[in-house]
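From a predicted model like this one, the values you see are computed outputs, not experimental measurements. Below, chains carry the letters A, B, ... as their sequence lines are ordered, and counting in each starts from 1.
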Amino acid sequence: MIEKKLRSLEDLFGDPIKNKSTVKESGSIIELELDCLISFSDHPFKLYTGERLENMVESIKENGVLQPIIVRPVGSGKYEILAGHNRVNASQLAGLSKIRAEIRDVDDHEAVIIVIATNLEQRSPSDMLPSELAKALKMQLEAAKATGKKQIINALDSPSNPHGDRDSQEGNPVGHRGKSIEKVADKNRMSKTNIQRYIRLNELIPDLLERVDDETIALRPAVHLSYLSRNEQQIIEDTISIKGYKIDMAKSEKLKDLSKRGKLTDEKIYSVLSGEDEKKPKKPTSIKLKPKLVTKFFKSEQNQAEIEKVIEEALTIYFQMKEEKEDE
DNA sequence: TCTCCCTGGAGGTATTTCTC
DNA sequence: GAGAAATACCTCCAGGGAGA
């Protein structure tokens, strides 16, 4: 078992002695100075913080970085990190100066696939912040659309091998424009609708998106707000940050509808958020009578139904008299 | 304290509309 | 016409409040 694992690691990382040389062909593994590394230009995931980061730093201090990061050369001796942003960050904190890295010579779309797929390998969508998932899914979809080739989806299956066998399966002609969103949905085990909902979050202003992350705005209301202009969203953000109003499904739907009809003024936003425009009559509340009051007018042997009947008759007479007095 | 009911939100499917 | 995006509507679940 152990032997098999070691062999597998060797297959993956190659001969460690060889790796000491600076072979830089795609797929080779070398040791890189941390100073040579730059973050992926549009990295959608937030870096670990707190206890999770501390644990990683401790682990690296004790055992080193077990799995090489994945990078691609970007010229001037620099390498862009495709997978392993947290490992690089933790290595810096652990005081290391070098890290083992697998070099990949990939284009922008393939780079996106590796960035997203390696993160999704380690973390399920449910572990990610909505903002991270929104960006990740959007990038996946754009990459899939941009290439329009099935190999992108195959690469999702095998993130460690974007140059793998791409054209031999399924028999689809290369370049066939498939239903990108369906494929992204399949790969993430999510429905098409939910993929679309999360992607809509990218239309939110940062402040509102942050509220989705900290769960003060739920996903569905947030999706409704994403259809509003950035100016309207900003007014909403300002209003709820000052007044502390909550946005639920009903309010968000109303705001979206008003915006669509071009009738979403500052005053309307305020009245919707505050609930002032709520025309729905309030549910009648039940009241309790104090025992002192009950004993004043009713005998102890009278049950609730009898008492209610007397109260109803009395109130009917009372309101009739009141009405007659007002008519005079 | 327990049960029931209501509400809000999530996840989904089916359908319609829009865009290329 | 096909794919993408939007919409409508359904079920399920969790949480909170009211009543017994």
Side-chain angles (χ1 to χ4, degrees), chain A residues 109 120 124-150 152-153 156 170 172-204 208-229 232-233 236 240 244-262 264 272-275 277-291 294 302-308 311:
Chain A
H109 296 310
L120 290 178
S124 71
S126 57
D127 292 333
M128 295 162 68
L129 289 171
S131 62
E132 294 179 319
L133 194 52
K135 209 166 176 185
L137 293 173
K138 189 183 179 188
M139 288 165 78
Q140 270 189 48
L141 185 61
E142 282 174 355
K145 280 183 194 170
T147 58
K149 298 172 185 174
K150 76 182 179 68
I152 287 300
I153 301 303
L156 276 172
E170 296 177 21
N172 288 348
V174 171
H176 175 262
R177 189 165 171 243
K179 292 183 180 179
S180 312
I181 198 159
E182 274 182 20
K183 291 175 180 177
V184 173
D186 284 347
K187 293 299 162 191
N188 292 285
R189 293 196 182 88
M190 293 169 76
S191 69
K192 272 197 306 177
T193 313
N194 249 15
I195 296 283
Q196 287 171 330
R197 282 171 183 151
Y198 275 101
I199 288 175
R200 281 295 323 174
L201 296 185
N202 290 293
E203 305 304 317
L204 286 175
L208 287 179
L209 190 54
E210 211 166 291
R211 290 184 185 277
V212 183
D213 281 344
D214 66 23
E215 296 179 353
T216 51
I217 300 179
L219 173 65
R220 298 284 274 268
V223 170
H224 287 136
L225 296 182
S226 75
Y227 290 94
L228 273 57
S229 70
E232 289 165 341
Q233 289 183 34
I236 288 167
I240 57 182
Y245 296 139
K246 218 176 161 270
I247 297 185
D248 57 19
M249 288 280 280
K251 285 178 184 175
S252 62
E253 270 189 282
K254 201 171 281 179
L255 290 167
K256 181 189 172 187
D257 183 55
L258 286 165
S259 174
K260 195 177 171 186
R261 291 189 280 130
L264 191 58
V272 171
L273 291 177
S274 65
D277 71 327
E278 195 58 62
K279 285 176 185 130
K280 215 163 80 180
K282 276 192 173 177
K283 217 173 134 186
T285 51
S286 57
I287 56 161
K288 278 185 180 175
L289 296 177
K290 288 179 180 170
V294 177
Q302 284 182 287
N303 61 29
Q304 189 179 334
E306 288 172 331
I307 292 171
E308 281 177 356
I311 290 172

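- Rounded to whole Å, the distance from CD1 on A/I199 to P on C/dA4 is 11 Å.
- Residues A/L273 and A/K251 come closest through the heavy atom pair O-NZ, 2.9 Å.
- Contacts of A/Q196 classified as side-chain contact (heavy atoms from CB on, under 4.5 Å), with partners at least two apart in sequence or in another chain: A/I181.
- When all heavy atoms are compared, the tightest approach of A/L208 to A/I217 is CD2-CD1, 3.9 Å.
- Distances shorter than 4.0 Å separate some side-chain N or O of A/K256 from OP1 or OP2 on C/dT7.
- In this structure, the salt bridge (Lys or Arg N to Asp or Glu O under 4.0 Å) partners of A/D213, at least two apart in sequence or on a different chain, are A/K46.
- Shortest non-hydrogen contact noted between A/S252 and A/P221 is OG-CA, 3.3 Å.
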Identify each atom pair where a protein N or O and an N or O of nucleotides 9-11 of chain B are less than 3.5 Å apart, giving names and distance.
unit_1 : atom_1 : unit_2 : atom_2 : d
B/dG9  : OP2    : A/M249 : N      : 2.7
B/dA10 : OP1    : A/L219 : N      : 2.9
B/dA10 : OP2    : A/R220 : N      : 3.0
B/dG11 : OP2    : A/N194 : ND2    : 3.3
B/dG11 : N7     : A/R220 : NH1    : 2.5
B/dG11 : O6     : A/R220 : NH2    : 3.2

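- Distance, A/K251 NZ to B/dT7 P: 16 Å, rounded to whole Å.
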